Amino acid sequence: MSKPRTLYEKIWDAHVVERRPDGTCLIYIDRHLIHEVTSPQAFEGLRLAGRKVRRPDLTLAVPDHNLPTTPRRDAQGQRIPIADPQSAQQLAALERNAPEFGVRLIGDADLEQGIVHVVGPEQGFTLPGTTLVCGDSHTSSHGALGALAFGIGTSEVEHVLATQTLLLKQSKTMEVVVEGELGFGVTAKDVALAICGRIGTAGGTGYVMEYRGSVFRDMSIEGRLTVANMSIEAGARSGLFAPDDKTVAYLKGRPLTPKGAAWDAAVAYWKTLHSDEGATFDKSIVIDAADIVPNVTWGTSPEDVVPVTGVVPDPASFADASKRAAAQKSLDYMGLTAGQRMEDVAVEHIFIGSCTNSRIEDLRAAAALLKGKHVASGIKQALVVPGSGLVKQQAEAEGLDRIFLAAGFEWREPGCSACLGMNPDKVPAGERCASTSNRNFMGRQGPGSRTHLVSPAMAAAAAITGHLTDVRELLNEKRGEVVA
Amino acid sequence: MEKLTVVEGRAYPFGMKNVDTDIVIPAHWLKTISRTGLGKGAFEVLRKEPGNVFDAPEYAGSPILIAGDNFGCGSSREHAAWALADLGIKVVIAPSFSDIFSGNAFKNGILTVVLPQEAIDRLMEVARTDPIHVDLEQQTVTTRFQDRFAFEIDPFRKHCLLGGLDEIGLTLGQADAIGQFEAKDAGVRPWLVPAVA
Ligand code: SF4
């Protein structure tokens, strides 16, 4: 009998090309996603060295980070120029590099275009048991389908393009177990925030996480993508879900998945991808589902999490001095005072989007609350940015766009948008945004912007009331309306 | 990557201590799409000062930079090494370097030579009038005035620089092993390829 292995160890072992005496391994990369911001210098490096892309057939390029989310083509189908010259240049570089190196490019106005981490799973490019990389830290998202997926830097992008491998040291393993049943109004985003709050942004550093327990088993693939996406906010470069029937059902028939007999062989292989009975993890975190409530962040780190029904913490309540100082700095930046009720915090901006929460389920959850309602008078801008053209199309087929528009939201083209404010979608200095994205760093949504991370339903609730709001109250009202 | 064996030429007698990567290349150059062309932004702020060594005609195109303690501290941006390479720098000589910078320099084919402050002082003096000679094979820095300074270097880095081997080049040296992996894996997981038609 071989030693029981974790899912991570199984995927790792299946990809070792060569093991060095110091433990470094040359790891084979099955899938490589590319976008416009971190790839130009990598391609340039190849060009200067006269190298080619080893496996263009395992590589897929899609622009997302700094595309405008306003229309990209005019009535004649001509490109509407991108105002920011540097963004335009980065897009142009991708459009030049991809064909030159034989890499398939999804174009900026294609139906399949979207945020790279939405596109990969949606197209079936992401498959269980694969190693998948991208020059972006939220590549952890793809772990939702059982892929060992992590973000890399520009030099590594070039290394993968040229060699289809990376030199890596094996990570430690951590299981994150959530057992029980999620309460009314509690979503995958709240679980992800609860984990960040519990273990902190450095808690997962050096580890690959595996999400285990009934809550994750019961979770939809969309929800798993949200949780895996935020693994990196808890410090882990990757977060894994063992593939199951839901994974198989999700992938079946997608454009880039194997077909016919190859599909059957793939499914048979995926069934072996789970941590063995008796496999041990270097660290174990156990959370009771009943303890998770709708969460919001109060500070400038994703670990600054409180229940929406809670209050802004007092910096003095933190045990160590550096945390106290950091908390005070956060509160000053956020314009909040200790003891203030989170539900009293007024917001001027709503952002529903990003690779964390821009899939169809997310839009449905927000639209369900917004139906027949309007954003509060204090809301200056409310944006919905679907994760991909296909999500947008699906939402429009379901009439969700009309609900959002009637509620006073803007319905945009897919991309990263206000998640990081590289394109024109920014939150102005000193203004506050309830955002479904993953990072509330200082200046993340634009210089001086103040971000509160929430679930899509919570973002919709804040839009309706104009302040951070416990979504359960609105859901109860809705229930009442249905009964009445 | 170009092989680096012997570098001979004029050297910028820079000598500044604690040069951080912001000084080497200011942040606004990071939005570029190219790792070449950054030489224009190298030491941008210092070059606004009249009489700076980087714009003095006698040093134009020098392949060697002589600097002070802790060269390349600050952020990890690889752009600093790209900027120096684009400026034509092949060797930086200083009493000490930030680890991240020397790693990035090495990745980009730049040799970082650590010498004691007295040696630096002497080389600064020579550099004002005469060329400097760096021999990686011998691990020496010499001048036509019989100065001879020996330096240490990690054998792996030396091997890579002498052979013009960058990390990618080295991995490409294992192309057979990678090919064998692909062939074997095609038996285990034939459904994996192609990912895109
Ligand atoms: S949506 Fe935000 S987090 Fe996701 S890939 Fe884009 S910028 Fe990164």
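Since this is a predicted model, take the numbers as computed values, not measurements. Letters A, B, ... mirror the listed sequences (proteins, then strands); counts begin at 1.
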### Task
Might you work through the side chain to side chain contact (heavy atoms under 4.5 Å, CB included) test for A:Leu58 and B:Leu192, ending with a clear yes or no?
CA-CA 9 Å; A:Leu58 303 181; B:Leu192 258 182; over 6 Å; no
Segment of [X] engaging chain B (4.5 angstrom heavy-atom cut-off):
X        : answer
A:Gln90  : both
A:Ala49  : neither
A:Val103 : neither
A:Thr165 : side chain
A:Ala14  : backbone
A:Pro85  : neither

Quick one: closest heavy-atom pair of [X] and [Y], and the distance?
X        : Y        : result
A:Glu44  : B:Ser34  : OE2-OG, 2.6 Å
B:Thr171 : A:Leu26  : CG2-CD1, 3.8 Å
A:Thr130 : B:Arg189 : CA-NH1, 4.4 Å
A:Pro56  : B:Val196 : O-CG2, 3.8 Å

### Query
Heavy atoms under 4.5 Å from chain B: which residues of residues 119-127 of chain A carry them?
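Answer by number: A:Phe125, A:Leu127.
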### Query
Partners of A:His65 by ring pair (Phe, Tyr, Trp, His ring centres under 6.0 Å), sequence neighbours excluded?
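With neighbours one apart ignored, the set is A:His35.
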#### Entry: Residue pair A:Gln89, B:Thr32: steps toward the side chain to side chain contact (heavy atoms under 4.5 Å, CB included) verdict
CA-CA 9 Å; A:Gln89 216 184 22; B:Thr32 160; over 6 Å; no
### Task
Using the six-membered ring wherever Trp is involved, compare the ring planes of A:Trp270 and B:Trp191 and label them parallel, tilted or perpendicular (cut-offs 30° and 60°).
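A:Trp270 and B:Trp191: perpendicular rings.
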### Query
Between B:Lys107 and A:Glu158, is the closest basic N to carboxylate O distance under 4.0 Å?
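Here A:Glu158 does not pair with B:Lys107 in a salt bridge, since their nearest N and O are not under 4.0 Å apart.
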Any chance [atom1] of [X] has more than 12 other-residue heavy atoms, nucleotides or ligands included, within less than 6.0 Å?
X        : atom1 : result
B:Arg148 : CZ    : no
B:Glu2   : CD    : no
A:Asp264 : CG    : yes

### Which of B:Glu167, B:Met1, B:Arg35 touches chain A most, by non-hydrogen pairs under 4.5 Å
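Of the candidates given, the most pairs with chain A belong to B:Arg35.
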### Query
Which residue out of B:Val188, B:Asp185, B:Thr36 racks up the most heavy-atom pairs below 4.5 Å with chain A?
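With the most close heavy-atom pairs to chain A, the winner is B:Thr36.
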### Message
Please classify the contact of B:Glu182 with chain A as side chain, backbone, both or neither, using a heavy-atom distance under 4.5 Å.
### Response
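For B:Glu182, side-chain heavy atoms alone lie under 4.5 Å from chain A.
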### Query
Given that the side chain runs from C-beta out, which part of B:Gln174 has a heavy atom under 4.5 Å from chain A: side chain, backbone, both or neither?
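Only the side chain of B:Gln174 comes within 4.5 Å of chain A.
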### Message
Working note: B:Ile33 + A:Arg96, criterion side chain to side chain contact (heavy atoms under 4.5 Å, CB included); need CA distance, chi angles, decisive distance, verdict.
### Response
CA-CA 12 Å; B:Ile33 56 162; A:Arg96 203 171 50 240; 4.1 Å; yes
### Query
Any luck finding a side-chain donor-acceptor pair between B:Glu78 and A:Ser155 under 3.5 Å?
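A donor-acceptor contact under 3.5 Å links the two side chains.
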### Task
Identify which of A:Ala266, A:Gly50, A:Ser87, A:Ser39 forms the greatest number of heavy-atom pairs closer than 4.5 Å to chain B.
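The residue among A:Ala266, A:Gly50, A:Ser87, A:Ser39 with the greatest pair count is A:Ala266.
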#### Entry: chain B contacts, top residue of A:Lys259, A:Arg51, A:Arg104, A:His15 (heavy-atom pairs, under 4.5 Å)
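Winner by heavy-atom pair count: A:Arg51.
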### Reported CD-to-CZ distance for the pair A:Glu18 and B:Phe181, which is rounded to 0.5 angstrom
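Result: 12.5 Å between the selected atoms.
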